[in-house]
Every structure is written in structure tokens, then in C-alpha cells.
Amino acid sequence: MAVWYALADLLLSRLDAETSHRLAIRGLKTGWLPRDRHSDPSSLAVEVWGRHVPNPIGLAAGFDKNADVADAALAMGFGLVEIGSVTPRPQAGNPRPRVFRLPQDRGVINRMGFPGEGLDVVLARLQRRRRAGFVGVNVGANKDSVDRAADYAACSKALAPYADYLVCNVSSPNTPGLRTLQGRVQLADLLQRVQDAIVRRPVPLVVKIAPDASDADLDDIVAVCRERRIDGIIVGNTTLSRPPSLTSAKRGEAGGLSGAPLTALSTDVLRRTARRVEDQFPLIGCGGVGSGADAYAKIRAGATLVQLYSALVFEGPPLVRRIKDELAALLARDGFSSISQAVGTDL
């Protein structure tokens with residue numbers, strides 16, 4: 001199996017990033033990517049929002065934009081999968097090329113701009129899907145929308161009955177002006193409208209924020225989320241910053257940076273967010289997770305759940321099992337019998 005993955009990785013690395021992604025989606029849809037048939041150790045189980053999740057390792061939004069392969073991704077061993085971002089109307093996103101691997105840095109730069117098939121297509125797929133596992137839905141706004149909060153509300157209302165949790169993605173750097181929705185007044189208005197939209201079918205509502213947030217930004221974001229009784233925050237999205245240590249040829253491309261170069265920044269912002277949240281709701285750590293140690297650091301910094309995506313570009317499906325095994329070993333090393341015992345221990 002290791003040889004098979006090595007050959008597949010060699011092939012995909014020779015293709016442009018979006019073609020490789022399409023092939024990966026096709027592979028999951030047709031079942032040629034194998035399942036993780038190992039049971040997760042009990043120490044990895046998490047109780048969150050009244051649900052039992054077998055392990056805290058999630059697939060971040062961006063991989064399964066159109067709800068094509070949520071169940072196949074769960075079968076790879078993820079404890080949760082987040083689809084999207086979903087916008088009300090289909091849109092092509094930004095011009096290509098728009099995704100760039102940074103192989104020497106184990107990172108990715110993208111300026112996708114929420115490409116997707118739109119709400120109606122995703123809704124139809126979720127309606128046909130047999131509910132199983134823990135699947136969140138990430139929603140966004142169309143680039144040309146004149147009322148972006150209305151876009152979030154419309155998607156949330158339609159998709160809430162088919163989501164285990166909803167995510168308002170107000171932090172993508174690739175839709176002009178979107179990050180202004182993280183402002184105190186704008187965020188409060190958006191969340192009020194989304195909460196009103198899903199009042200008849202309430203599900204956990206989460207906000208995804210930028211890792212570039214300042215302390216003042218975090219003060220406002222967390223204050224609004226606590227006032228509105230939001231159910232969680234994902235920390236965070238891709239970053240517009242560029243560490244001087246980057247060496248890959250494409251490091252100067254515009255867009256959001258993810259992967260290993262984001263690890264330290266995203267974990268620091270997670271820790272700063274957790275101190276402000278004061279255990280009022282769960283946090284999801286996202287950004288630069290490529291090992292059990294990375295996941296463990298986010299848990300100790302305050303995350304109940306952890307998400308990854310970019311590391312799969314370089315490591316492939318075996319990464320999921322490896323991270324879980326490493327995480328379980330780290331918990332045992334430090335005398336923890338569960339994830340919940342380790343959450344926030346570094347704060």
C-alpha cells in the first residue's frame with residue numbers, strides 16, 4: 001500500500017494542483033482510495049455539541065466544496081468533515097492559475113475565490129445523502145452580492161436541516177471585502193440574521209476567522225460571539241502574511257497561505273482566542289496541522305477539534321491514521337485518558 005501511495009503521489013505532484021484535486025475527488029467518488037479500517041482508541045473520542053465524535057481530526061472546508069465525497073472522506077478516518085464553502089449562486093471563482101504548491105515549505109497558496117456549483121446543487125446532494133457521521137457545512141457569499149449577510153442567511157436556512165453544524169466563513173482573503181464582516185457591527189448583524197434564519201431548525205453555529213486577526217480584532221469577534229451565544233469559532237483560515245523563511249519558487253503568488261508555514265501563527269491566534277472565550281464554547285484549531293504533535297499543540301492551546309487540508313497535498317490519505325496514532329501516543333505519554341483532559345492545558 002505504501003508503494004501504491006508513493007506512485008500516486010508522484011503522479012499527482014506532476015500535475016497542476018487543481019487537476020490533482022479533481023482526480024482525488026474522483027478517486028473518492030469511485031472508491032479507489034481505501035478506507036481506514038482501524039478502530040480509533042477511546043482516548044480520542046470527543047463529546048461536542050451533544051454529539052459523540054470518534055476522533056477530533058477533521059477535514060477542513062475547501063476540499064469537498066460541493067458535497068461530493070463527505071462520506072468517503074469520513075471513511076478515510078476523519079472524525080468530522082466540513083463541506084463548502086457554499087454560496088447561493090454558482091460561481092467560477094477567480095481566474096486560473098489560482099492554486100500553487102510550495103513543496104520546499106510544505107505549504108500552499110490559493111486565491112480560489114469560492115468557486116462552486118451553488119446552493120441548489122449542494123442542497124440536492126445533501127438531501128439524497130443518508131445521514132451518518134459528523135458533517136458540517138461552511139457557507140459564504142457570492143462575490144457580486146449586494147447583501148452578503150443575506151447570502152449567509154439564505155444558505156444557512158436551506159442547509160441547516162442537513163448539517164451537523166454550520167460555519168459562517170467571514171475570513172477568506174480571496175473575496176474582496178469579505179474580511180470586513182469580522183468587524184464588530186458587521187459580524188453582529190450577520191450572525192443575528194443567520195440565527196433568525198435557522199430559528200426553526202437550529203444547529204450549532206460557528207464562525208471561521210482569520211489568523212491575521214489583531215488583539216483588537218479578537219476582542220471584538222469574541223465579544224460578539226459571546227453576546228450572540230454562538231456555538232464555536234474556527235481559528236483559522238489562510239493567512240495573507242508571508243514568513244521570510246519561505247523558499248519555494250511560487251512563494252510570491254497572491255492569495256492565502258496554508259500548510260506548515262501557518263502552524264505557529266494559527267496556534268498562537270488560537271491560544272489568544274481561547275483566553276478570551278474562557279470556555280464559553282468549543283474552538284476548532286485549523287492551520288498547518290501535519291502531524292500528531294501539531295494537532296496536540298492546538299488541543300493544548302484550547303481546541304476541542306482540529307482540522308487539516310493542505311498537509312494531505314503532500315502526505316495523502318495515510319496521514320490521517322498517522323496523526324491519530326501519534327496523538328493517542330502523546331496523550332498517553334502525558335497521562336491523559338481523553339482529549340477533553342488535554343484541552344487548554346497550555347493556556
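Below, all heavy atoms of this structure are taken into account, side chains as well, without hydrogens, waters or symmetry copies.
- The shortest non-hydrogen separation linking G290 to D294 is N-OD2, 2.9 Å.
- At least one donor-acceptor pair under 3.5 Å links the side chain of W49 to the backbone N or O of D231.
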Walk me through whether D212 and R179 qualify under salt bridge (charged side-chain N to carboxylate O under 4.0 Å, His left out).
CA-CA 10 Å; D212 305 309; R179 286 189 170 184; 2.7 Å; yes
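- Closest approach of G77 and N55 over heavy atoms only: O-ND2, 3.0 Å.
- Contact annotation: the side chain of N169 approaches that of F114 to within less than 4.5 Å [non-hydrogen atoms, C-beta and beyond].
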Pair I25-N66, side-chain contact (heavy atoms from CB on, under 4.5 Å): steps then yes or no:
CA-CA 10 Å; I25 293 290; N66 298 302; over 6 Å; no
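- Across R201, R200, R131, Q127, a single residue satisfies side-chain contact (heavy atoms from CB on, under 4.5 Å) together with P161, and that is R201.
- Taking all atoms of both residues into account, the shortest heavy-atom contact from L246 to P261 is CD2-CG, 3.7 Å.
- With hydrogens and angles disregarded, a donor-acceptor distance shorter than 3.5 Å links the side chain of D64 to the backbone of V69.
- Under 3.5 Å, the side chains of T175 and R148 contain no donor-acceptor pair of N or O atoms.
- At least one donor-acceptor pair under 3.5 Å links the side chain of D16 to the backbone N or O of T19.
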Report the C-alpha distance between L28 and M76 in whole Å, list the side-chain angles of each, state the deciding distance to 0.1 Å, and finish with yes or no for side-chain contact (heavy atoms from CB on, under 4.5 Å).
CA-CA 9 Å; L28 284 167; M76 287 168 56; 3.6 Å; yes
Between F134 and F78, does the side-chain contact (heavy atoms from CB on, under 4.5 Å) criterion hold? Intermediate values first, please.
CA-CA 9 Å; F134 199 63; F78 286 107; over 6 Å; no
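- Put simply, the side chain of T180 gets close to the backbone of G177: a donor and an acceptor are under 3.5 Å apart.
- Within the 3.5 Å criterion, the main-chain N or O of G288 finds a donor-acceptor partner in the side chain of T263.
- Using modelled atom types and a 3.5 Å distance limit, the side chains of K298 and S266 yield a donor-acceptor pair.
- Nearest heavy atoms, A70 versus V81: O-CG2, 3.9 Å.
- Under the salt bridge (charged side-chain N to carboxylate O under 4.0 Å, His left out) rule, D68 has a single partner from R125, R26, R128, R129, which is R125.
- D105 places no side-chain N or O within donor-acceptor distance of the main-chain N or O of G107, the cut-off being under 3.5 Å.
- Looking at V306, V53, I299 one by one, the single match for side-chain contact (heavy atoms from CB on, under 4.5 Å) with I339 turns out to be I299.
- Side chain of D71 to main chain of A73: no donor-acceptor pair is present (N/O by atom type, distance under 3.5 Å, no hydrogens or angles).
- Taking the side chain as every heavy atom from C-beta outward, D268 and R271 approach each other to under 4.5 Å.
- Partner Q182 forms a side-chain contact (heavy atoms from CB on, under 4.5 Å) with one of V224, L218, I209 and no other, that one being I209.
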Could you give me the CA-CA distance, side-chain angles and deciding distance for V289 and Q307, then say whether side-chain contact (heavy atoms from CB on, under 4.5 Å) is met?
CA-CA 7 Å; V289 175; Q307 293 178 327; over 6 Å; no
Apply salt bridge (charged side-chain N to carboxylate O under 4.0 Å, His left out) to residues D215 and R276 and explain how you reach the verdict.
CA-CA 10 Å; D215 283 336; R276 289 163 169 80; 3.4 Å; yes
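- Looking at R242 and I109, their side chains come closer than 4.5 Å, going by heavy atoms from C-beta outward.
- Closest approach of L331 and S338 over heavy atoms only: CD2-O, 4.0 Å.
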Evaluate salt bridge (charged side-chain N to carboxylate O under 4.0 Å, His left out) for D40 paired with R321, printing each intermediate quantity in order.
CA-CA 9 Å; D40 292 330; R321 168 50 56 187; 3.0 Å; yes
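- Taking both residues in full, the closest heavy atoms of L178 and A141 are given as CD1-CB, 4.4 Å, listed atom of the first, atom of the second, then distance.
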Evaluate the salt bridge (charged side-chain N to carboxylate O under 4.0 Å, His left out) criterion for residues R89 and D144: first the C-alpha distance (whole Å), next the side-chain angles of each, then the deciding distance (0.1 Å), finally the verdict.
CA-CA 10 Å; R89 290 173 285 109; D144 60 356; 2.8 Å; yes
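- With hydrogens and angles ignored, the 3.5 Å screen pairs no side-chain donor or acceptor of D346 with any backbone N or O of A297.
- Ring geometry for Y309 against F63 counts as perpendicular: the plane angle is over 60°, on a 0 to 90° scale with 30° as the lower cut.
- At least one donor-acceptor pair under 3.5 Å links the side chain of Q91 to the backbone N or O of G113.
- Checking S248 against R251 by side-chain atom types alone, no donor-acceptor pair falls below 3.5 Å.
- When atom types are taken as modelled, the side chain of D196 and the backbone of R193 share no donor-acceptor pair closer than 3.5 angstrom.
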